[in-house]
Amino acid sequence: MIKLTINKKPYQVEVDPDTPLLWVLRDALGLVGTKYGCGVAQCGACVVHLNGEAVRSCVTKVSRAAGQKVVTIEGLAAKADHPVQKAWLELDVAQCGYCQSGQIMAAAVLLKENKNPTDADIDAAMAGNICRCGTYLRIREAIHLAAEMQRKGSNG
Amino acid sequence: MSRRTFLKTSALAGGGLMISFTWLSAFSPAEAKSDPALPGNWVEINGYIKITPDGTIKILNPNPEFGQNVMTSLPMIIAEELDADWQRVVVEMGPHDSVKLGPQFTGGSNSVRMYWKPLREAGAAARQMLREAAAQTWGVPLEEVTTTSGVLYHVKSGKSGAYGSFASKASGIPLPKEVKLKEAKDFKVVGSSKKNVEGRKIVTGGPLFGLDYQQPGMLIAMIEHPPAFGMKLKSFDASEALRMPGITDVFTQKLYENGFEQGGFDTRTFNDLLVVVGKTTWEVMQARKKLKALWEPAGDTKDTMGGRGQKREVIVPGELESTDAQLRKMQEYAAKPAQQLRKDGDPETAFKNAAQVIERTYNAPFLAHNCMEPMNFFAHVTEEKALLVGPLQAPGWTEPTLAKILNLPPDKIEIRMTRMGGGFGRRAYGHYLTEAALISRKVKAPVKLVYTREDDMTYGIYRPMYTATYRAALDKDKKLVAFHVKGGGIPEHPIHANRFPAGAVDNYLAEGWQIPSNITIGAFRAPRSNFNAAAEQSFLDELAEAMGKDPIDLRLELLKRAKENPVGKNNEYDADRYAGILKLVQEKSGWNKAENKKYSRGVAAYFCHNSYAAHVVDMVMKDGQPYVERVFSAIDCGIVINPDAATNMVQGAVVDGIGNAFYGGLTHKNGAAEQTNFHNYRIIRMHEAPKKVEVHFVQNDIDPTGLGEPPFPPVFGAVANALYKSVGKRFYQQPFSPQLNNSSIL
């Protein structure tokens, strides 16, 4: 039995401790916002926060998350009002939308660590997240917008 | 109103109005003929608008959504003619129903094009009935009842009322025999940007996609494919796999029985499936590693192709193909006589008498679609019925196959379409849905079939491998007197014989040849065009240089000729619209301005899927590598429904084009794909995407044509032409990036 805290809620799961967190979230807990894209930490669709850090849940064993704080896209903000989510909606970033939860989770960590990222900062921080529809320009713009919202403290 | 459109009204339970509509295909016969991707017999399509007493307007989106924004843009068309308040519109994904809803499909850049007129008529009819309901209630003439954004008005008497309060009465009013559609200048919703109706679900991780679908008791299935094209299963030992936790079953399953008549979209990679079924995705992934399977060369095999009443046997060669051998074979075929596709004038004599002949050969590899959401489908099949849920571009093409294979009538097969995590043509081939159905029937349980990324990439239905040789004959005054294109591919040639510059050159010859293969291919964003535009547009750039002309001027001169004195018949393009995008991109990019000299600039333009697109690509050096810093795009796709979303799609097509031009490619060694996941199949990433893609749409009142595909093909040519300016070398083989480091995947 592995105890997990996901989006501030306690869970207990009976799985092989080597199971990637991704599949525990999706298959065992029904938290399907975290996506499977490659399974080998190459595309970023599965990014979640582990104690505030962005990790690839497809290569993170569930045992590593035991007793730690996990946040998924479903728990990023109570009312979808995280500046990143708001900026994503404001600029209508998504096309197919499949990679966007990973993009959003990666961007949220970037903005926590860097309140005013440059294009180069964004390019470096987001290089691990593939968007096959090619929405990169809007992701970049949305991160700048979210940074601005965050600086202005507009969170409502 | 079109005589081929039918509307029907009914009252909603609990009050309100529902308008159902039915119409026949809006496609021109010419289009259906020129594109084999389109099904032959379009029947009818239904949809509905529901207006409830509280004023909510529920609109059914009939077409599958894969990122092209139809969930938003198609309802916008109805809302426009209905004069609805967009804030009150709720969109619902329609079910698949081959009887009532007709052939719903996403592909060929046709979604908006085919729905444009019927959706307008439905919206306009509903508005007229609401006006009549108000006119009767108020006792005023119909002509005096106006609408604004979901509210009915009678100005003279000062009366007004919301749509909702007249919806029930409207449901009893006979359908208007004729409705007047708005003039484009009066559009309020169409042409104004609306946010993605599923945006909130996307940013909160709501379940939207096929892979997200779950049901109690659902099992997970995966297929262990042969290690290479041309191989088949000899024997297997599943004893160890079956002992793995969570595993419930391992078995073989034939997809199509011998002699099954495959339609054009029944393409599948392998027919004999080794299936592993278990409780969770991870457990099945682990058990697959414990399978002991022996594979052997399949030798030549036979497929039975049906469809369009023409049953025929096709031999699929058994060779274990490798990219280097494929290239050699292509060179051999290129030297042989080929099928003549079009000939104008006397090209042989013109080339013989030419003062100068320019000849260049272009190559491009197989491309994997690499949709971010790998192929998957949920199936629950019993003796009596089948439920299927997942991502699919064309349920109407797979349903007949399912009905035959499951031996169920179509009305016992329910296909629910989820939002797709990308499509790019890949999900027009529904074999994975049929696979899921057969597996569910066998294990007598609800099952979700999941392809891993490796499965998805290495057992694809790829963009074919192409080559084309272009020749141009110049006379002593450097005038273009003859043009020749000879293209081939594995296993189909790329040539569109009636496209530009056909029609603009007196002596013209187009030829094609193809080499059969066991590597499966299919539609990939702008099929064939995505290669032609790269090759032809690079060649025109080189030709302009040889002729001492500006590349845009050369194209405009040729288009002027095609307009004023066209050569030959059946020229597919409109020379004015083609020239229009070139002039627009010339202006918007400041093509001749001194301040832009610091960029290595490349231009290309192309016509496909009824629309026109031109790009100017501005390249700089970044970290020692050529980098596309900004792009100017000019698009003529007729009326644009949702400009911001359309701009997004063009920007995405530009990024996709840059990515595939630089990095895209799949190679084979002894039948096995050499790229297996994103570590060795390079996809464009954030730092490689431009800083700016400025998109300009030609403003006109032409009914919408297509947008998903047209902006994609010319990106390749524009990138190649900018690269020449940047590094002083012409690039003839895609992808370009390896050659920058003196290597090549081809």
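Residue numbers start from 1 in every chain, and the chains themselves are labelled A, B, ... in the order their sequence lines are given, proteins ahead of strands. Here the structure is a predicted model, which is why all the values come from computation and not from measurement.
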**Q** Can you check whether Ile130(A) reaches Phe678(B) side chain to side chain, under 4.5 Å on heavy atoms?
**A**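 A side-chain contact under 4.5 Å exists here.
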**Q** For Phe66(B), is it the side chain, the backbone, both, or neither that has a heavy atom closer than 4.5 Å to a heavy atom of chain A?
**A**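 Only the backbone of Phe66(B) comes within 4.5 Å of chain A.
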**Q** Which region of Arg200(B), side chain (C-beta onward) or backbone (N, CA, C, O), has a non-hydrogen atom less than 4.5 Å from a non-hydrogen atom of chain A, or is it both or neither?
**A**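 Both backbone and side chain.
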**Q** Report yes if some heavy atom in the side chain of Asn129(A) is under 4.5 Å from a heavy atom in the side chain of Arg685(B); otherwise report no.
**A**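 Side chain of Asn129(A) against side chain of Arg685(B), heavy atoms only: no contact under 4.5 Å found.
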**Q** Contact between His687(B) and Asp119(A) at the side-chain level, heavy atoms closer than 4.5 Å - yes or no?
**A**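 No. Closest side-chain heavy atoms not under 4.5 Å.
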**Q** Under a 4.5 Å cutoff for heavy-atom pairs, which residue among Met285(B), Lys201(B), Met218(B), Met457(B) has the most contacts with chain A?
**A**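 Counting heavy-atom pairs under 4.5 Å, the top option is Met285(B).
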**Q** For Arg453(B) and Tyr36(A): C-alpha separation, side-chain torsions, deciding distance, then whether side-chain contact (heavy atoms from CB on, under 4.5 Å) applies.
**A** CA-CA 9 Å; Arg453(B) 173 57 56 197; Tyr36(A) 166 70; 3.9 Å; yes
**Q** Please round to the nearest 0.5 Å and tell me the distance separating atom OH of Tyr136(A) and atom CD of Glu688(B).
**A**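 Going from OH on Tyr136(A) over to CD on Glu688(B), the span is 8.0 Å.
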**Q** Should the pair Arg138(A)-Asp644(B) be classified as a salt bridge under the 4.0 Å nitrogen-to-oxygen rule?
**A**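 Judged by the 4.0 Å cut-off on N to carboxylate O distance, Arg138(A) and Asp644(B) do form a salt bridge.
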**Q** Please flag which part of Ser193(B) lies under 4.5 Å from any non-hydrogen atom of chain A: side chain, backbone, both or neither.
**A**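 It is neither, since no heavy atom gets under 4.5 Å.
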**Q** Using heavy-atom distances under 4.5 Å, tell me whether Gln214(B) contacts chain A through its side chain, its backbone, both, or neither.
**A**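 Contact with chain A involves the side chain of Gln214(B) alone.
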**Q** Looking at side-chain heavy atoms only, is the closest gap between Leu89(A) and Val203(B) below 4.5 Å?
**A**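 Side chain of Leu89(A) against side chain of Val203(B), heavy atoms only: contact under 4.5 Å found.
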**Q** Quick one: does any side-chain atom of Asp656(B) pair with a main-chain N or O of Gly134(A) as donor and acceptor, under 3.5 Å?
**A**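 Checking the backbone N and O of Gly134(A) against the side chain of Asp656(B), no donor-acceptor pair under 3.5 Å is found.
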**Q** Does Arg26(A) use its side chain to pair, donor to acceptor, with the backbone of Leu211(B) at less than 3.5 Å?
**A**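 A pair under 3.5 Å: yes.
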**Q** Less than 4.5 Å to any heavy atom of chain A: does that hold for the side chain of Ile683(B), its backbone, both, or neither?
**A**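 Side chain only.
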**Q** Which bit of Lys622(B) comes within less than 4.5 Å of chain A, counting heavy atoms only: side chain, backbone, both or neither?
**A**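 For Lys622(B), the contact with chain A is made by the side chain alone.
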**Q** Which bit of Lys279(B) is near chain A, if near means a heavy-atom gap under 4.5 Å: side chain, backbone, both or neither?
**A**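 Neither part.
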**Q** Which pair of heavy atoms, one from Ala94(A) and one from Asn648(B), lies closest together, and at what distance?
**A**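 Scanning both residues, the minimum pair turns out to be O-ND2, 3.5 Å.
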**Q** Does any part of the side chain of Asp16(A), heavy atoms only, come nearer than 4.5 Å to the side chain of Glu283(B), both counted from C-beta?
**A**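 The answer is no; the side chains never approach within 4.5 Å.
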**Q** Is the shortest side-chain heavy-atom distance between Cys43(A) and Met372(B) below 4.5 Å?
**A**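 Heavy-atom side-chain distance check passes, below 4.5 Å.
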